[in-house]
Amino acid sequence: MALLIIVITCIMIIFETSQPCNTPDDFVAITSPGHIMIGGLFAIHEKMLSSEDQPRRPQIQKCVGFEISAFLQALAMIHSIEMVNNSTLVPGVKLGYEIYDTCTEVTAAMAATLRFLSKFNYSRETVAFQCDYSSYMPRVKAIIGAGYSEISIAVSRMLNLQLMPQVSYESTAEILSDKIRFPSFLRTVPSDFYQTKAMAHLIQKSGWNWIGVITTDDDYGRLALNTFAVQAAANKVCIAFKEVLPAFLSDNSIEVRINQTLEKIIAEAHVNVIVVFLRKFHVFNLFNKAIERKINKIWIASDNWSTATKIITIPNVKKIGKVVGFTFRRGNMSSFHSFLQTLHLYPSDNNKPLREFAMLFSACEQVKDGDLSQCISNYSQGTLTYATTKAIEKNFFMRNDFLWHYTEPGLIHSIQLAVFALGHAIRDLCQARDCQNPRAFQPWELLDMLKNVTFSDGKNSFHFDQILSKCSEECSPGQMKKTTGSQHICCYECVSCPENHYSNQTDMDHCLLCNNETHWAPVRSTMCFEKEVEYLNWNDSLALLLISLSLLGITFVLAIGIIFTRNLNTPVVKSSGGLMVCYVMLLCHALNFASTGFFIGEPQDFTCKTRQTLFGMSFTLCVSCILMKSLKILLAFSFDPKLKTFLKNLYKPVPIVFTCTGIQVVICTLWLILAAPAVEENISLPRVIILECEEGSILAFSTMLGYIAILAFICFIFAFKGRKLPENYNEAKFITFGMLIYFIAWITFIPVYATTFGKYLPAVEIIVILISNYGILCCTFFPKCYVILCKQKTNTKSAFLEMVYSYSSHSADSLAISHVSLDSNNCDLTTTNLRPGDKATSWLKGSHLQVQAFAGIGRGNTTNVSKTFHGKRSSSI
């Protein structure tokens, strides 16, 4: 095979694989234009050739040793950016990229970083010195990379100057978690802290306590070694030896150090477990030589090389023993696999690594898959031919799964996450900006958005953790610090702000108080919220129900008024006091129903003053009219002479009504003058302001209601005494029921009104007004309407007089029977010694006269007596 390679090489046309940098554009490996440019750093070649010039010049040298896995990582970035561009994540905005080959050298990475930081769209490649880079516009907005921690540390220190976001897909050094030294660095992989902790735990659980460690002489290797040593000691694992290899292949001493390490492993015969923190090419060389020396151990692999195909394809690799590795989480690789399948169709004009790989691939077409990677690496050390495009496409097509076998799923997924995180952060920034303009935002603005971005791949949610060195977790807005028993002021607990308090910054010592009169805040709030103003609104369902009942009541009032007007001359209407009295009472009922409307809607000073006074005076007038009617009924059907005389003297309809109503008018007037109701904001509730009417004076309010209650009680007494009126005309009984309904409603109102608060407080009074108003209206007018509409035969003068006569006769008979009973009980009433002026004498005289008036009922003079009695009673009524 070696002979075949030499023969093929000899007939080739010489072509340099990786040309030295003559101009800045020569230094770019892969590029694609876009509105927003993203930089990339990948170690596509294993090393940079040393300069042979003496003295050595500050030049970027040629890179050799084509690294397939790093080439695939660069392709993963390109594919992920194309996925973002082809999606609706950032519509109308195209992401471009500039990818550079670091050649696994800090020097090359620093040169690429300088170009990233140079001025955007500037003819000269310059990085301007400024005291403030807030408005500085560099070539790219963010950088993905680098892979090795040594390179990422150096690059991050330069990017800190402009706070340009750097998202690494592989750098795991724990020092990079320090956001004070590396404020612009982020990564999509966990730090070595977790890996070394898992390694130590695995070793301890496996029962191994005597191990060796091999690492590199760079920041990554030294930090990993120190972290692992701490974790190992915590798990009671001892480290027998620590071997350190040069970090870069360009170091000529690397072969010597590998041999020395292997001799140490052989010498330590009791060490059968070795932890390896190395790069792929270190492990490749180490294992090849270990196989030659027949060393068989258990190797604990770091995530740097645990899944590297380059290691797996080493001939006789199983002879080195067993490898237990730690790797990164994998994602969905189907889309990237399809991308690799069509890679031969991908344009290579601005993709130097792709052209180089195609030529290397063509040069090694006769080599078996197992040796293909080494063949490509060996050829890239020197020169190769430039094959035709068709030949390259044919080779790709015939062996298009070769690259897929070298794919490291964990790293590819990490690169995809890095690109998607940038895409989502750019989307959030571009919502209020025109990002088709490359100057739409600065890198530091993207960094701030990137730190807080959260996105999902359909199954898992991703965001960046900020690792800090603090005794206590940072208190978020909405919390405050509460010192613990520790003597250190840096140690504290985070407690939530109580209700009506807030904190809008991190690590606040105390929460701020909201203005309780106008604002409120829930527990753990970051701001105060303005209180909502509430009142019984017209749109409220309860308000609509109540106002509907009020309108229904007004409709009943109008209907009753029409019925009474059309039956003006009937006995029922006349016995109700005439049309004028009925109209006054119906008007009062209508005003009572209308007054409920002033309890609904936004309270105003006018409505607050009107609603109580309107109800109080109209209801008082209504009760005064009922009181006058109660007196009249009692006077018409009273057979007690003294009571009749008293009632005759008392019964003055107009003065009674005006006097009773006038007193209420005085009460309400004094109330409005001295302590009128007004609008008040009730701030006692935590989250709302209740706009309500403050009654001004509870004494005046109570006096108004109490006065109505006194009148109603007098009505109740008078009506109760006349409750045994004729069945067909028992108005006193219905007045009694109406007053009972009133008392029940308002007695219930007092405790309910005293204990209710909030916007529905006016509804309580509306309900009581409606109940009492409906009760009196129904009891006073509905029976009369029933007689007028349904019992018209009884609503005639003759029927009315007959009913009165029947009731009067029954009453007289009752008195006569009572008198005879008294005679029989006392043997001889005339023998009783009665003194003149005795009350009993007066009663008996009155009774005797009443009995004499009805004594001829069984004889022939019934008609005359009846006519006389009818005339007197009917005229009285």
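For this chain, numbers begin at 1 and follow the sequence in order. What you see below is based on every heavy atom in this structure, not just the backbone, and it leaves out hydrogens, waters and symmetry mates.
The minimum heavy-atom distance linking Pro477 with Asn504 is given by the pair CB-C, 4.1 Å. Shortest non-hydrogen contact noted between Leu542 and Ala763 is CD2-CB, 3.8 Å. Nearest approach of His501 to Cys514, heavy atoms of both residues: N-SG, 4.4 Å. Across Glu517 and Lys531, no two heavy atoms sit closer than the pair O-CD, 4.1 Å. The minimum heavy-atom distance linking Ser772 with Ile769 is given by the pair OG-O, 3.1 Å. Nearest heavy-atom pair, Phe564 versus Cys785, reported as atom, atom and distance to 0.1 Å: CE1-SG, 3.9 Å.
The pair Glu695-Lys609 does not meet the salt-bridge criterion, since no charged nitrogen lies less than 4.0 angstrom from a carboxylate oxygen.
Rounded to the nearest 0.5 angstrom, Ile698 CD1 and Thr703 OG1 are separated by 10.5 Å. Distance check: Ile766 CD1 to Leu549 CG gives 10.5 Å after rounding to the nearest 0.5 Å. The distance from atom CG of Leu699 to atom CG of Leu674, rounded to the nearest 0.5 Å, is 10.5 Å. Within the model, atoms OG1 of Thr755 and CD1 of Ile750 stand 12.0 Å from one another, a figure rounded to the nearest 0.5 Å. Expressed to the nearest 0.5 Å, how far CG of Leu587 lies from CG of Asn592 amounts to 9.5 Å. Summarising the geometry, atom CD1 belonging to Ile554 is positioned 12.5 Å from atom NE2 belonging to His589; distances are rounded to the nearest 0.5 Å.
Checked against the 2.5 Å cut-off, the SG-SG distance between Cys588 and Cys622 does not fall under it. Here the two cysteines Cys435 and Cys430 have their SG atoms closer than 2.5 angstrom.
Sorted by first and then second residue, the pairs that involve residues 736-760 and meet salt bridge (charged side-chain N to carboxylate O under 4.0 Å, His left out), not counting sequence neighbours, are Asp540-Lys759. Among pairs with a residue in residues 521-540, those fulfilling ring pair (Phe, Tyr, Trp, His ring centres under 6.0 Å) read Trp520-Phe529, at least two apart in sequence or across chains.
Checked by atom type and distance alone, the side chain of Thr88 never pairs as donor or acceptor with a backbone atom of Pro91 at under 3.5 Å. Put simply, the side chain of Thr780 never gets that close to the backbone of Leu777: no donor and acceptor are under 3.5 Å apart. Panel note: side chain Asp509, backbone Lys481; no donor-acceptor pair is recorded below 3.5 Å. Looking at Glu694, its side chain does come within 3.5 Å of a backbone N or O of Gly696 through a donor-acceptor pair. Thr613 places a side-chain N or O within 3.5 Å of a backbone atom of Thr610 that can act as its donor or acceptor partner.
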task: Could you walk me through whether Met617 and Cys668 pass side chain to side chain contact (heavy atoms under 4.5 Å, CB included), step by step?
output: CA-CA 8 Å; Met617 289 189 289; Cys668 293; 4.1 Å; yes

message: Let's go through Phe781 and Phe556 carefully: what are the C-alpha distance in whole Å and the side-chain angles of both, what is the deciding distance for side chain to side chain contact (heavy atoms under 4.5 Å, CB included) to 0.1 Å, and is it a yes or a no?
response: CA-CA 10 Å; Phe781 288 99; Phe556 284 155; over 6 Å; no

Ile656 and Ser624: CA distance, side-chain angles, deciding distance, side chain to side chain contact (heavy atoms under 4.5 Å, CB included) verdict: CA-CA 7 Å; Ile656 288 176; Ser624 299; 5.7 Å; no

field: Steps toward side chain to side chain contact (heavy atoms under 4.5 Å, CB included) verdict (Ser503, Thr526)
entry: CA-CA 5 Å; Ser503 64; Thr526 60; 5.9 Å; no

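In this structure, Phe701 and Tyr753 have tilted ring planes: the angle between them lies in the 30° to 60° band.
For an aromatic pair to be called close, the ring centres must be under 6.0 Å apart, and Phe615 with Trp746 satisfies this. Between Phe619 and Tyr742, a ring centre-to-centre spacing shorter than 6.0 Å is recorded. Proximity of the aromatic rings of Phe593 and Tyr774 is defined here by a centroid distance below 6.0 angstrom, and this criterion is met.
Residues Val768 and Thr748 are not in side-chain contact: their nearest non-hydrogen atoms beyond the backbone lie 4.5 Å or more apart. Contact annotation: the side chain of Ile735 never approaches that of Ile776 to less than 4.5 Å [non-hydrogen atoms, C-beta and beyond]. In this structure, the side chains of Pro522 and Arg687 come closer than 4.5 Å at one or more pairs of heavy atoms. Put simply, the side chain of Arg611 does not reach to within 4.5 Å of the side chain of Ser595, judged on heavy atoms. Within the 4.5 Å cutoff, the side chain of Ile689 has no heavy atoms near those of the Glu534 side chain. Residues Ile690 and Glu681 have side chains not in contact (no heavy-atom distance under 4.5 Å, counting atoms from C-beta outward). In this structure, Arg524 and Cys497 have side chains that are not in contact, with every pair of non-hydrogen atoms separated by 4.5 Å or more. Taking the side chain as every heavy atom from C-beta outward, Glu680 and Cys693 never approach each other to under 4.5 Å.
Within 6.0 Å of CZ in Phe782 there are more than 12 heavy atoms belonging to other residues, nucleotides or ligands. Atom CZ of Phe737 sits in a sparse spot, with 12 or fewer heavy atoms from other residues, nucleotides or ligands closer than 6.0 Å.
Side chains of Gln479 and Ser476: a donor on one and an acceptor on the other come within 3.5 Å. The closest side-chain donor-acceptor pair between Ser550 and Thr596 falls under 3.5 angstrom.
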